[in-house]
Number of protein chains: 2
Amino acid sequence: MSSCKQCIARQLNGMNTLTKEEIKQVSACKTTRKYKKGDIIFYENEMLNGVYCVREGLCKLVKLSANGKEQTIKLMGKGELIGQRSIISNERTNLSAIALNTMELCFVPKEEIISAIKTNRDFSFDVLQNLAQGLREAEDDLINMAQKTVRQRLAATIIYVSKNFGVDKEGYLKVHLSREDYASIVGTATESAIRILSQFKKEGLISTFGKKIKIENFKVLEGVE
Amino acid sequence: MSSCKQCIARQLNGMNTLTKEEIKQVSACKTTRKYKKGDIIFYENEMLNGVYCVREGLCKLVKLSANGKEQTIKLMGKGELIGQRSIISNERTNLSAIALNTMELCFVPKEEIISAIKTNRDFSFDVLQNLAQGLREAEDDLINMAQKTVRQRLAATIIYVSKNFGVDKEGYLKVHLSREDYASIVGTATESAIRILSQFKKEGLISTFGKKIKIENFKVLEGVE
DNA sequence: TTTAAACTATGATATTTGTCATGTTTTTCG
DNA sequence: CGAAAAACATGACAAATATCATAGTTTAAA
């Protein structure tokens, strides 16, 4: 059986300020679950009774709008805690979580997390900083959405995925997202995302191989207008 | 001299879980400052050495873009703490704070806040919930920006101002924002904001008297398409 | 392997929103 | 008060993006 220690040792974890005792405790009561691409981890407007720690894979947090279109708010990868915010504010989820590839998640009951927050100052402060960081990112995203063009946002998203989830030996983004996923992150129509990616190819900023994307000219891509 | 107790008694305060001792402490070392409309409380990319608690008035948190346009991220009114996030994450501000009318702010040194967070569990958890709440709001704003039309966002903003800052006896919004301010909140051109407000008037959803706005048909305004 | 489904691609067109120009009204301040 | 500045208003046009249509391509499943 896998322990949380490994995760924490690898610094992949939103819980790396827990004491050894606490880790043992969390490790003992967590349950690991597997998900396939497209699986729904939870829907919006659910009451969670725990948080999910990403051990492996990638998922998206999305909001479904009235017209059936979905907006992706955030991608969550290794070591990130999903549902933390809902647990802390004791509210229903405002977003759905959907697996983007094969995932392994550790589910930690609410009480464990809350108890750790209440008793371990370092962990509590860590969570605090984590939320503050998240808030800053959310503000930045809002600004980008308001002030940048679709083209600029798409370029920024490709760079984000490259930086956060890495590239393989040939330089292709490790994470393979569909054009629809990109559109949903950027907040545009799928056709627009496709069109702009085609433009990027023509302009030599990226190249593709099947679904895989490689950044060919980072500097220009970063500064597209 | 004014004490923090008054603010806290009136529940106007992001610090109402502090103990009596702590309040005395904060009260003792805070300094009160006055600002006029348009005054800059701080710029983006500054290192704050404390937080500002709004005792009176209203300000906006804005981001200036390359082309000189500004995006308003949030309006801050009575009892709200400004700069909290930057203090906690120990980063430079990512936004500027600008007074929208005559303001009175209490400045509380960083050390006081951090010390209170580290020693008072209730306060710490309160801040945690506050940030979680803020994060949710930021996510909602992002979704609105991505999925709603300018028209819908402007309608929502009017309703927001009405709910959060109230109306006078005649039903006019207490807070008077310029069309430019509305445009900056909604993320559009000033002319577009003006045009849409004119439409709302023609459609009988709002009425105006000088700079003052009154909601005439809440239901329809709330559900505009 | 073959067949359907999902994904990618691109053109044509419509809609939304931004920009520029110009004039009016309101506010501010010497 | 009266002039200058700021804010408001609206038309005309341009640019960005969405929508609809149609077809090629890849993927997955029977």
Side-chain angles (χ1 to χ4, degrees), chain A residues 36-39 65-71 98 100-102 144-155 157-158 172-173 175-203 206-213 224-225, chain B residues 36-39 65-71 98 100-102 144-155 157-158 172-173 175-203 206-213 224-225:
Chain A
K36 284 176 53 189
K37 181 178 174 179
D39 281 356
S65 83
N67 55 40
K69 204 171 275 185
E70 61 176 45
Q71 174 66 27
I98 305 176
L100 284 169
N101 49 32
T102 304
N144 286 338
M145 193 64 83
Q147 297 189 333
K148 293 194 175 168
T149 63
V150 172
R151 210 175 130 80
Q152 290 172 317
R153 269 142 49 204
L154 185 50
T157 301
I158 294 168
Y172 289 101
L173 302 187
V175 165
H176 307 321
L177 299 173
S178 69
R179 313 290 151 129
E180 197 180 2
D181 285 327
Y182 278 108
S184 164
I185 294 168
V186 164
T188 191
T190 305
E191 296 95 321
S192 296
I194 290 173
R195 240 181 275 272
I196 293 168
L197 285 176
S198 297
Q199 285 172 21
F200 285 167
K201 271 198 278 187
K202 275 183 200 140
E203 294 165 28
I206 63 169
S207 62
T208 60
F209 185 72
K211 209 168 184 167
K212 297 195 294 183
I213 293 177
V224 286
E225 281 172 8
Chain B
K36 283 176 54 189
K37 182 178 174 177
D39 280 356
S65 83
N67 56 39
K69 203 171 274 185
E70 62 176 44
Q71 173 66 29
I98 304 176
L100 284 170
N101 49 33
T102 304
N144 286 339
M145 193 64 82
Q147 298 190 332
K148 293 192 177 171
T149 62
V150 173
R151 210 175 131 80
Q152 290 173 316
R153 268 140 52 201
L154 185 49
T157 301
I158 294 168
Y172 289 101
L173 301 188
V175 165
H176 307 321
L177 299 173
S178 69
R179 313 290 151 138
E180 197 179 1
D181 285 327
Y182 277 109
S184 164
I185 295 169
V186 164
T188 191
T190 304
E191 296 95 321
S192 295
I194 290 172
R195 239 182 275 271
I196 292 168
L197 284 175
S198 297
Q199 285 172 21
F200 285 168
K201 271 200 275 188
K202 276 184 198 138
E203 294 165 28
I206 63 169
S207 63
T208 60
F209 185 72
K211 210 170 185 166
K212 298 194 293 183
I213 293 177
V224 286
E225 283 172 6

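Letters A, B, ... mirror the listed sequences (proteins, then strands); counts begin at 1. Here the structure is a predicted model, which means the values were calculated and not measured.
- Listed by chain and residue number, nothing satisfies the side chain to side chain donor-acceptor pair (under 3.5 Å) test with A/Lys37 (two or more places apart in sequence, or in another chain).
- Counting all heavy atoms, side chain and backbone alike, A/Leu154 lies closest to A/Val186 at CA-CG2, 3.6 Å.
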Got a list of side-chain donor-acceptor pairs under 3.5 Å for residues 189-198 of chain A, not counting sequence neighbours?
| from | atom 1 | to | atom 2 | distance (Å) |
| --- | --- | --- | --- | --- |
| A/Ser198 | OG | A/Ile194 | O | 3.1 |

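- Axis angle across the helix from C/dT1-D/dA30 to C/dG30-D/dC1, with five pairs used at each end and values rounded to 10°: 50°.
- A straight line from CZ of A/Arg153 to C1' of D/dT17 spans 10 Å, rounded to a whole angstrom.
- Distance, A/Lys212 NZ to D/dT27 P: 11 Å, rounded to whole Å.
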Verify side-chain hydrogen bond (donor to acceptor under 3.5 Å, both in side chains) between B/Asp181 and B/Ser184, making sure each step is shown before the conclusion.
-> CA-CA 5 Å; B/Asp181 285 327; B/Ser184 164; 5.9 Å; no

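- Rounded to an integer number of Å, the gap from B/Ile196 CD1 to D/dA9 P is 13 Å.
- Per the geometry, NZ belonging to B/Lys36 stands 11 Å off P belonging to C/dT28, to the nearest Å.
- Between A/His176 atom NE2 and D/dT27 atom P there is a gap of 11 Å when expressed in whole angstrom units.
- Residues satisfying the side chain to side chain donor-acceptor pair (under 3.5 Å) test with B/Arg151, not counting sequence neighbours, are B/Gln199, B/Glu203.
- Across the protein-nucleic acid pair, A/Arg151 atom CZ and D/dA15 atom P stand 16 Å apart, rounded to whole Å.
- The two residues A/Tyr172 and A/Thr208 come nearest to each other via the heavy atoms CE2-C, 4.4 Å.
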Extract from the structure each pairing of a protein N or O with an N or O of nucleotides 2-8 of chain C at less than 3.5 Å, listing the distance.
| from | atom 1 | to | atom 2 | distance (Å) |
| --- | --- | --- | --- | --- |
| C/dT8 | OP2 | A/Arg179 | N | 3.0 |

Going 5' to 3' along nucleotides 18-23 of chain C, which nucleotides have protein heavy atoms under 4.0 Å from the base (write B), which only from the sugar-phosphate (write S), and which from neither (write -)?
-> BBB---

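- Between B/Gln199 atom CD and D/dG11 atom P the separation is 11 Å, expressed in whole Å.
- Checked against side chain to side chain contact (heavy atoms under 4.5 Å, CB included), B/Gln147 has the following partners two or more places apart in sequence or in another chain: A/Ser65, A/Gln71, B/Ile143.
- Taking A/Lys211 as the reference, nothing meets the side chain to side chain donor-acceptor pair (under 3.5 Å) condition, with sequence neighbours excluded.
- By the salt bridge (charged side-chain N to carboxylate O under 4.0 Å, His left out) test, B/Glu180 pairs with no residue at all, sequence neighbours left out.
- When the side chain to side chain donor-acceptor pair (under 3.5 Å) test is applied to A/Thr188, no partner is found at least two apart in sequence or on another chain.
- Evaluation of the side chain to side chain contact (heavy atoms under 4.5 Å, CB included) rule for B/Thr102 yields no partner, not counting sequence neighbours.
- Between the P atom of C/dT16 and the CD atom of B/Gln152 lies a distance of 11 Å, rounded to the nearest Å.
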